[in-house]
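Everything below concerns the one structure shown next.
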2 protein chains.
Amino acid sequence: MSCSDLSGARRCACGNLRRTTRSITQFYDQFLLKSGLRSPQFSLLLNISLNENISVGELGSILLMDQTTVTRNIEMLKKNGYVTIIKDPADARRKTISITESGADKLAESMPLWEQAQSQIEKGLGTERYRDFLKTLKDITQLVQ
Amino acid sequence: MSCSDLSGARRCACGNLRRTTRSITQFYDQFLLKSGLRSPQFSLLLNISLNENISVGELGSILLMDQTTVTRNIEMLKKNGYVTIIKDPADARRKTISITESGADKLAESMPLWEQAQSQIEKGLGTERYRDFLKTLKDITQLVQ
DNA sequence: AAATAATATATGTATATACATATATCGATT
DNA sequence: AATCGATATATGTATATACATATATTATTT
C-alpha cells in the first residue's frame, strides 16, 4: 500500500517559495549585473545603509538570516571596501558595521537598476496585488517564527 | 547630493522573497528533521517520484533550477540510495532518474511531517488566501521568465 | 573578587545555488 | 561517412546558507 497522495505536496509553501525565489533572484541579478552587486549583497548593503552602526546579530534579526551567514556575507562587502567593521567601544563582543562612501556610491549606482527590475514585478502584478503579496510574505514569516 | 530614496527598496520583491524563503525553509526543516531529509531534498525527491524516468534537464525546468544544480543535488539522493541515475538507452547523453523503493519509503515517511508544517501555513493564512498566494508566486515566476 | 551564566561573533563543515566552460552524444548538412 | 551545429550532462569555481561548536567578552551570582 503506497497510495499516499504525494501529489498534494505540489502545493508545498516551502517548495513553491524556493522555486520562485531562485527564479526572481536570477531576474534581479540580470539587472544588477552592471553594478557588480548581486541580489543578496544588494539587500545586505541596503540594510546596512538604512541602519547605521548595526551589529552582526541585529542584521541577522532584520534579514532573518543566521548570524554566521551575516558574518560571512559582510566579509565580501568589506573585501570590496563597501563597509567597515569595527569593534564597538562600549561592548567589545559586538561589532558595528557601517557603509563606506564607496559602498554608498555603489548602492546609489545600483538603485536605478534595481528599480527597473522591481517596477516590472509591481506593474506586472498591479499595485494592490503587490501590496497584498508583501503582506502575505510578512504573515508567513510571523507564522513560522 | 545623495538623496535617492533607498528606503523604497525595502519593498524589494527579491529581498522579501529571499527573507521569507530562508525563514520558511528552517520551519519545514524542523518538521522534516526526523526523516533526515531537508526541504530541498524533499522537494527534489518528490518531483522525481511524480515524474518517473525524468531527466536532469527536465527536473531543472520543473524546479526552475540550473541543470548543474540538479546534477549535484541528485548526487546526494543517489549517495543515500534514494534514486537511481541511468543512461537513457535511447539517447546516451540523457540520464533518467528514478526513485528507489528506499527513496519511496523515505518520501512516504516524510509526508506526514511535511503535512504538519504545511497545514500550519495553510490554516494560518486561510484556504483562499493561500490559494491566491500560490497563484501570485506562479504569476511572478512567469513575469520573470 | 572569583566563578558562572549569558551574549556576540567566528570557525569548521556541509548543503544549495548558479555561471562559465568542458565533454560527450546526437542530428543535420555536405 | 565526415563535419558541424545542437543538445545533455559534468566539472571548476564562487557565493549563500545554516548548524554545531569554539572563543571572547560582558553580566550575574555567590
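First the proteins, then the strands, lettered A, B, ... as listed; each starts at 1. Values below: all heavy atoms of this structure, side chains included; hydrogens, waters and symmetry mates excluded.
- Across the interface with DNA chain C, nearest-nucleotide mapping of A:D66 and B:R72 shows A:D66 to be the residue nearer the 5′ end.
- Side chain of A:D29 to main chain of A:R38: no donor-acceptor pair is present (N/O by atom type, distance under 3.5 Å, no hydrogens or angles).
- A heavy atom closer than 4.0 Å to some atom of DNA chain C occurs in A:R18, A:R22, A:Q26, these being the qualifying members of residues 11-48 of chain A.
- No hydrogens or angles considered: nothing links the side chains of B:R19 and A:T141 as a donor-acceptor pair under 3.5 Å.
- The backbone N or O of B:L77 lies less than 3.5 Å from no partner atom in the side chain of B:Q41, so there is not a single donor-acceptor pair.
- Taking a heavy-atom distance under 4.0 Å as the criterion, the stretch of DNA chain D touched by chain A extends 5' to 3' from D:dT15 to D:dT26.
- Along DNA chain D, the nucleotide nearest to A:A90 and the one nearest to A:L64 differ in position, and the one closer to the 5' end is contacted by A:L64.
- Donor-acceptor pairing under 3.5 Å is recorded for the side chains of B:R129 and A:T136.
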Review item, nucleotides 3-8 of chain C N/O atoms under 3.5 Å of protein N/O:
unit_1	atom_1	unit_2	atom_2	d
C:dT7	O2	A:R93	NH1	3.0

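- Judged by distance alone, with hydrogens and angles left aside, the side-chain atoms of A:T127 form no donor-acceptor pair with the main-chain N or O of A:K123 at under 3.5 Å.
- A:Y130 places a side-chain heavy atom less than 4.5 Å from the side chain of A:Q118.
- Side-chain atoms of A:D5 and A:S7 include no donor-acceptor pair closer than 3.5 Å.
- No side-chain donor from either of A:Q116 and A:Q120 sits under 3.5 Å from a side-chain acceptor of the other.
- Judged by distance alone, the side chain of B:S98 and the main-chain N or O of B:E52 form no donor-acceptor pair under 3.5 Å.
- Using a 4.0 Å heavy-atom distance criterion, B:K87 is classed as a sugar-phosphate-only contact.
- Between the side chain of A:S35 and the backbone N or O of A:L32, at least one donor-acceptor pair lies under 3.5 Å.
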